[in-house]
Structure formats: structure tokens, C-alpha cells
Novice: 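Please see the structure below; I have some questions.
In what follows, chains carry the letters A, B, and so on, assigned in the order in which the sequence lines appear, proteins first and then strands, with residues in each chain numbered from 1.
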Amino acid sequence: MGRATERENLKMKSYDHQKTEKKWLKKWLEEKIYQPDLAHPKGKGKFYNLMMFPYPSAEGLHVGNMYAFTGSDIYGRFKRMQGYDVFEPFGLDGFGIHSENYAIKIGTHPVDLLKKSEKRYYEQVKAIGNGFAWDEKLETYDPEYYKWTQWIFVQMFKHGLAYRKKAPVNWCPSCKTVLADEQVIAGKCERCGTEVIRKELEQWFFKITDYAEKLLKNLDWINWSERVKIAQRNWIGKSEGAGIDFEIAGAIAPSYVLLHGYTGSPENNFFPWLKKELEKRGARVYVPELPNTKDPIVRDQVEAVLKNVPFDGNTIIVGHSLGGVVVLKILEKLSTPVRKTVLVGCYSENRFIDENFPLHTFDWKFNPEKIKCNAGEISILRDLSDDTVPQDNTYSLYKLIGGELFDYNASKPHFSGNTEPEVLHHCIDSIRVFTTRPDTLFGTTYMVLAPEYEEIENLESKIENWEEVQKYIERAKNKSNEERITEGKDPSTGSGLGKTGVELKGVKAINPANNQEIPIWIADYVLRDYGTGAIMAVPAHDERDREFAKKFDLPVSDAPLVDAKEITKKVGGEFKTTYRLRDWLISRQRYWGPPIPMIHCDKCSWQPVPEEDLPVVLPYVKDFKPTGTDASPLTTVKEFYETKCPKCGGPAKRETDVSDNFFDSAWYYFRYPSAHSARSGQVPSTHSAHSTSSGQIPFDPELTKKWLPVDMYIGGAEHSVLHLFYTRFVTMAFKDWGLIDFEEPFHKFRAHGLLIKEDAKMSKSKGNIVNPDEYIEKYGADVLRMYLMFIGPFEQGGDFRDDSIIGIARFLGKVWAAANKKIGDGGGGLPVITNKTIKKVTEDIENLRYNTAISALMIFLNEMEKANEITRSDFEAFIKLLAPFAPFITEEIWRNISKHEKSVHIEPWPEYDPSLIKDKTAKIPVQVNGKLRAVIEMDFDSSEEEVVEKAKADPNVQKYLPTPPKKTIFVKNKLVNFVL
RNA sequence: GCCUGGGUGGCGGAAUGGUAUACGCGAAGGACUUAAAAUCCUUUGCCCGCAAGGGCUUGUGGGUCCGAGUCCCACCCCAGGCACCA
């Protein structure tokens, strides 16, 4: 008796999805079919198939998460069957504001809450039938994990990528607490409805802006969803323009003293030019020739200057190179301070590059106190390409006498060009603006500074309405961004005529294009963080400036446009690229996150926690709620924050803020391949090329080399910007630190769409959340998986409707029935539809078009049912194609009905034969003047003559063809069109 | 305001410039059943027609083409993101 007849005699057992799914879950774990060989990837090699790990909500697995997981899993299963060793890990992103807020809401400590929800979540996720490699699971709130999150923070600090600066936080004056952005609803506190104000706090930042250009450039080659790339480009917001200096009227000092350097003279370098520029503006300029310039003695030079040049409180003294040393010595001797000191390419130690200065006639000991006392305002200009004076020597000078250090790219190295605009800029008070439209410079009729613009204070003495200005600044600082924008707009018209601002009375700027004096305003429509924090306002060409000018009755000029390049050069501007990308604010004044591993010592300032002391464990704080101050709950735990300075051993205080949740998830994909072996102590975690004090790094270098970068990353489009930026930034930093040799973590990324329910977003308040458990219980995971994938294109999302899920249940019912009935071992079968389906499903899965792949499978089954007998080879190909979508029922059929030894999920993916996908005949539509008049059936690949002859013979076609056609369009196997 | 998707039957949706509405849901009719459920078969965009057949139809209005859901121009609507970025 043949197998088929044998089977037909058996009474078909109905499919028990609950029992079957449980059985295979257990068996798969035992057989470890989803556990790749991490040390030695098999088959065609490794395939790292990643999906965004979830935050384990206490309400359990959300169907939206399941949607994403399933879409990723189908792709992974497909790749596994294609012969790759697929690594599909899973973990939980349990730190952060979501978990913490929920814990606060239900009054349970996050630690206790997580214990419960973690267990439930893992159980639910197991039930959906994904091929996860469970050995490598991880949780971000596990100290073993966040130890390394903190380690990365320490490296960021050591590499100069972590720094502190003041930044505003959202502050609710009623709850007396810091709010996260998502807790601010339309400018008001989520809980009490009070207007949220801004409050300035010192916080930690990561310098992601250092990587702006690389983040932008790599977008050109990484294989990501186009819409995500566009969002990232917009976020980086690169714009090309110019930095242009506007001098303050009257800022020219009455007298200047310019001192040249070694072997120099008043006639070389920038001296003649600078003298002319300053004199043009009415200053007296002294450029003494220093005696014995080729064999200088400092005492003589100082004396010569003091003898010939008068100094008073309005003198600005400028020294270049060795002339700077002369300046320092003069300052030591003066009895009254000068107005300002500008040191250009100067130094304070006896060496050029690596060699000693050949002359020892200089005195290299200084009296910094006296110098600081007499120097007035100090500007130290350093050239980044200086090949004469080493940069660190200039830095020593800065350390010695203070002031402000400015880095530039000089016209010629060591500021030896004939014109050096930066030097002039420091000789005269000026305000630099950034503009993308230098061509409109002649139309500039006023300037605007952001309220936070620091240098406003330098002008205090000149500003006549200082009190009013201060008031405005104070008010603007307390406004939230949201308020600034909404207030700026007239509520009735939506126009920008509600803009606010205040003029700096008594101070004018000079438009460098036409030397006209223009007013300077402060207004909060100008942002401190973008460009230079100051703008040139061109009301004729910029809508915002026009609105502002209209409101405050400022002049509008219709001066013609000029060539942007020429004018920028003419006014000494600098071509500049600006990004709107901001540095990453890491600090959170919260409890539920990894403590920032820094220690503050009054003596040694900020010191990182030594690597061997990591992790800084988050203590169990009973009252984990926000404190009612602007600090994290950790500030109430003395045992936590009281510590010793790692450098000097003195008493010190730990940072009590925790880090941003996005930081936890910025590197988790590096940890996965090493997670298991690290847990069981098998990873040495040493990296010879990297000199850290512990010598340990967060991942095994060998495994990382084998498995990263990620081959396919799938996740929500809502993370297009932040999460995906942070991952890229961290990866680039790792590369620069020598930990890895690639700079993009995910060569392929696809964003899935949003799953909605009956035209509405799923949300608790609407009560339309779909709980996967119910559906899995009723229909089985296979049905739910397939239904989720069937409702729409995966990359666009879908609308979950209860009444359609039955279609998938029926389909799988038919599959089960077919498997239990009429499978024939003989030849024949349906080669065309089989091969066509293999082609279609293969291509569709590759492009994440799961909905049409499923539809093709339905058509295939319908065709097989129509035929008298289903052949074994056709049906087995069908089962394999179905396996990634419905892993349980296909496994049951494969192993228990078709009696195969091994799992269908490690079977080779079916290949199609291109010669077999051709139909025997083609149905060819016949049109007359583009209108369909008949459909004729022809042999496939029939010639034009044959088709046209048969088409013309059709009676209905003849009716519309009174005369022979003027033109005949023929598309092989596709169509004939007669044009009259 | 800007950017990105999208607008196709009663519904979810399908269509390399070449038969629009595949596949599925729903609906109607029928078979099996004492009956119901389940299952199976048939029909199903709209209008006219007994039929053969004809006309209309992919948000709106134009255009290119033998031929447009698909390409171009203008506009409307929905969803998501960004938003005073000089």
C-alpha cells in the first residue's frame, strides 16, 4: 500500500494548535535549532538578524511588538533556510522613563515591578514562535550589562566626548520636579496641568556633533529605508554659509601696540595690513621695530618698547609669536592695566616644535599674577595648522595666564599671512553672525542676538537700558521652547507678529558691506544653539525678520543682491558649514537608570569612576519618585554619593543623575554575541590594542569580528532619528577608540509600519488594545502571525480587524486538511504554479512584502486543490515556503505526517527553475483605440502575425474595425492594440 | 509652514506604462445536516440590458502617450515626523 492511500484510510485528526505549539516550543529548545554556532558560523556563514528589543511593559506583550517581531522572524527563518547561520537574539530594554512612570503610577518599586513583568513578558514572547537564540538574552537593567554602559561613559569622558554644560530642563513649579519631554503636553505638566518653565542645570553631554559630517556622509551608502535616511539628513541639517563679523560702532580702541616676533619686522606678515585697517578706523597704531631681531635679548626689546610707546588703560597690545613673550614681560612691568591683550601664535616655554629655542637670552620665568592683573581682557589665538609653535605650548600659555583660547585655521600657518582677519576681529569688538545668504548682506538693517548670548554682558557699560534688557533676558530664559514659538505667533492669525524683543540702546553695529550703523536687538526668535547665536536681519528677504521689523517698525532695505562669494571675501567673512544637530544630553534627574559613573572632587574636579570599580550599582531607594528638587532621588542616599576622589583620595561626591535610556539601547547589539559566554565567564574580554586600566571591554573581540555588523535590523520608524543616531554615534566612537574596525552598525535597516485598530491608534484610553494571548489561545500563534503579516505591506503597517482573522484560520485549516488527505508520490504535479510561487514568495520575503507572499501561497493551495491530485514534491515545496510564516503547523506536517527526521526550519529553501515558470498559453487582450474588445488565447510566445490574425478574426473586434488599422501595437504575450 | 508616506469595491488590500479591483473578509444563493456551527460550490465594482454586449470607475482638475492607478503639472484630503535652524 502506498503512503498516500495509507493516509487516506486514516481518519483525519483535527489540528490541536495549543498542544502542537507547546510541543514544538519544547522540542526546538532541546534540539537547539535556533542556536547558531557563534564561534564557528556554519553553512553560508553568519547572518545577524536583529529587531529592536522592547521595553517590557507590565501590561505584557503588545500586539504592535509582536507585529515587529514576527516580521523580523520571518526574514530570519527565510535566511536560515537559505543556508545561513542565523543569529536572532532577544532582550529587554527595561530602564527608563516608561518603566519608572508606570512604577510610580501603580506605586510599586521598579525593581519589583520588573521582576514580575520580565517573567511574564518572556513567557508571552516565547509563545509567538520566533526563532530566538535564548542563550544570549540580556536585560539593560542587569548590573552585568549596565556595568558596560557605564564603562562606555567613562571612555566617552576619557576621549573628550563627554562634557558638562548648562542646559535647560522642563520644570514644573507646582510638582517641583524635572519633567521628561514626553511628560510635557502642550507646554503643560502632564500631571497637574501647570505651565512648565525652563530651568538651567549643569548636565552631561556627549559630543555627537563631532560626528555630524560622518553621520551624514555614510547615509549615502548604508542600505536603509529611504524615509529614515531623509529624516536623518533633516535632523543633521547641514547648511553652508558664511560667518561674518559685524563690528560694534566705537569699539575701536584709541591706541594699539603691535609687537612682531623672532626675525620679524613691522613690514612683514600681517602687520602692515593690520596697521592700515586699524588706522582706517581712526586708531593710533604703534608698530615698533624690536632691536636685534635675529639675536634678540628680551630685556632690551622690552626697554625699547617702553621707552618709545605710551601705554594707558585704552591701549590694546598685540603680540605675535616671540613678540608675545615681550608682551608678557611688558605687562609684568606696567603700572596700570591695558584694555586688552591679544596673543597670536604665542607660547611660554622655550621650545619650537620639539627643539629648544637656540637663544637663551630670554627669561622663561613669568609672574602670572602680575600679568593677569595688567592684561585686561586676554585673547589667545592658536592656529590649528601651526608648524612653528606646537599647539600644546600655546595651551601651556593659556594655562599660565588664563583668558580665552581661540582655535583657527590661519591664512598661512603660524598666522604668517599678509592678512589675518581673526587677528583684526580680536582687536575690535565685534559680533559674528552665521548666514546662508551672504548675498543679502547689503539688505541687513539690524542685528539680533539670542537672549542667552553671553557676550551681551561685555557691552553692559554701553547699554543705556540695561535693566530693561536684563528683564527681557530673564523672562526669555524662563519660557519653554514651546511658549517661545506659540507666543511668537499671533494667536488669531498665526502670523509671526507676536514676536518679542528689546533693543540694546546706545550700541550700534556696523554693516561691513556699506559701513552703515545698524541697531542691535535681543529677541528670542533667535536661537543660541544654532550658528553663532546672532543673526544679521534682512527683512527684505527673510520672513521672520520681516515680521519682526514690521512689529518694531525697523527699516527695510531693498538693496540689490550681490555675489555671495565675492562679498564674503570682501568683508573678511569665513565660509562655514553649520549643522542643526545638537549634542546628546545624557543626564536624567531620575532614579531608574544607570548612575553616571563620575565623581566630583572639589580639588580635582570631575573624575571618572575607575574601571575596576564598575558597575556603580543603582541602590535600592525606597522612595524612588522624583524628589521635589531639581536633582535625582539618589541625592537622598548619603551612602551612595559620599565617596573618595579616585585621584587624590580626598572626600568627593558621586554624580547622582542617571543616564538617558537611549544610551542603554545604543550599544546592545554589540553585547548580544558575547552575552552568554560573558555570563558564564568564558570571555577574556581583553583587547590588546586598547589601553584601558582594566584591559576589559564590553564584548569579545573575536565574536564581534565574526558577527558584526548586523546584517538586517528591523524596527519602528519612530526610532528613525534618535535611537538610530545614537547607535551610529557609539559605533563610530568605538571605531575611533580602536575597539572595532567598522563604523556603521547596521548595513541594512528596514522600518516597519504602524499597526492600528479599526482606523485608530491603539491606546489604553481608547480601550482598543489587542492582547495577543487571547488570539493565540483561540487560533494559535501561526494564525495570528500570518494574519498580522497579511493585513498590509509590512513597511506600511496595517489595520487590525477581528473579522478578517478567520480567513487565515481557514487557510491553515485547508493546509492541514490537504496534508492529511491526498498526497500522491507519482510524477506530474503543477510545475508552472509551483515554480512561479517559489519565485514570488522568495522575492516577496526578500523585500518584506509578506502580504503578497501569503496571497501567492493561498493561490498556490487553491490551484493544488483544483487539481485532482496533489503531488508530494509540490506540497513539500509549499510547506517549506509556508514554514517561516507558520512555523508550528508546518513543522507538525513535515515531521509527523510527512515523517521527516529533521526540522522543516533547517531544510533548504526551494529553488525555482526559470524554464518552468512559463505558461503554455497566454490570454491576450485585444484593444481597438485603447478600448478592450476581446481577449484571445494564444500559445505562449506566439508571433505578431499569428496574434494579429487571430485578433482580427474575432467578431467583436471586427465590429470596431470598419477600416484596416493605421497602426498596430503589439506587446508579446501581453496585448494587441489597433489604432484607427 | 517644511519633510515623508498614503488616497483604488461594502471593508483590509493587489497591480515591471499593457485585461484595474489579485488574495482575504463581508454579503447573496445553493449543497451537506432534523437543525445550527463547520465545510464545500456559485455569484459579487457601479449603471443600462433577458442576453450578446455597451457605458462609467483608482481623491479633484489638467497634460504626455496607441494606452495612465502607475509618468508630468496644479490642487484637495488623511496619517506620521520636524518646526522661528538665519
Novice: For nucleotides 3-8 of chain B, list the nitrogen or oxygen atoms of the protein found under 3.5 Å from its nitrogen or oxygen atoms, one pair per line.
Specialist:
| from | atom 1 | to | atom 2 | distance (Å) |
| --- | --- | --- | --- | --- |
| rC3(B) | O2' | Asn234(A) | ND2 | 3.3 |
| rG6(B) | OP1 | Gln796(A) | NE2 | 3.4 |

Novice: What integer number of Å spans the P atoms of rA38(B) and rA22(B)?
Specialist: 24 Å
Novice: Taking only the C1' atom of each, what is the distance from rC76(B) to rU60(B) in whole angstrom?
Specialist: 7 Å
Novice: Taking the C1' atom of each, how far is rA31(B) from rG69(B), in whole Å?
Specialist: 40 Å
Novice: So what does Ser720(A) touch, heavy atoms closer than 4.0 Å: a base, only the sugar-phosphate, or nothing?
Specialist: nothing
Novice: Ignoring hydrogens and angles, are the base of rC84(B) and the side chain of Lys499(A) linked by a donor-acceptor pair under 3.5 Å?
Specialist: yes
Novice: Arg728(A) and Gln232(A): which non-hydrogen atoms are nearest, and at how many Å?
Specialist: NH1-OE1, 2.7 Å
Novice: Look at the rings of Tyr787(A) and Phe800(A) and say which category their plane angle falls in: under 30° parallel, 30 to 60° tilted, over 60° perpendicular.
Specialist: perpendicular
Novice: Considering only rG12(B), rC66(B), rA14(B), which nucleotide approaches the side chain of Pro793(A) most closely?
Specialist: rA14(B)
Novice: Give me the ring orientation class for Tyr67(A) and Phe794(A): parallel if the planes are under 30° apart, tilted from 30 to 60°, perpendicular past 60°.
Specialist: tilted
Novice: Quick one: label Val433(A) by what it contacts on the DNA or RNA (base, sugar-phosphate, nothing), any heavy atom closer than 4.0 Å.
Specialist: nothing
Novice: For RNA chain B, whose closest nucleotide is more 5', that of Ile806(A) or that of Asn956(A)?
Specialist: Ile806(A)
Novice: Is any side-chain nitrogen or oxygen of Arg933(A) closer than 4.0 Å to OP1 or OP2 of rA52(B)?
Specialist: no
Novice: How close or far is atom C1' of rG81(B) from atom CD of Gln232(A), stated in whole angstroms?
Specialist: 13 Å
Novice: Using a cut-off of under 3.5 Å, enumerate the N/O to N/O pairs linking the protein to nucleotides 15-23 of chain B.
Specialist:
| from | atom 1 | to | atom 2 | distance (Å) |
| --- | --- | --- | --- | --- |
| rU16(B) | O4 | Lys974(A) | NZ | 2.4 |

Novice: Is the phosphate of rA38(B), meaning OP1 or OP2, less than 4.0 Å from a side-chain N or O of Arg810(A)?
Specialist: no
Novice: If you pin Tyr579(A) and Arg801(A) to their nearest nucleotides in RNA chain B, which one's is more 5'?
Specialist: Arg801(A)
Novice: Under 4.0 angstrom, heavy atoms only, what part of the nucleic acid is Ile791(A) near: base, sugar-phosphate, or nothing?
Specialist: sugar-phosphate
Novice: Just N and O in the side chain of Tyr960(A): are any of them under 4.0 Å from OP1 or OP2 of rG54(B)?
Specialist: yes
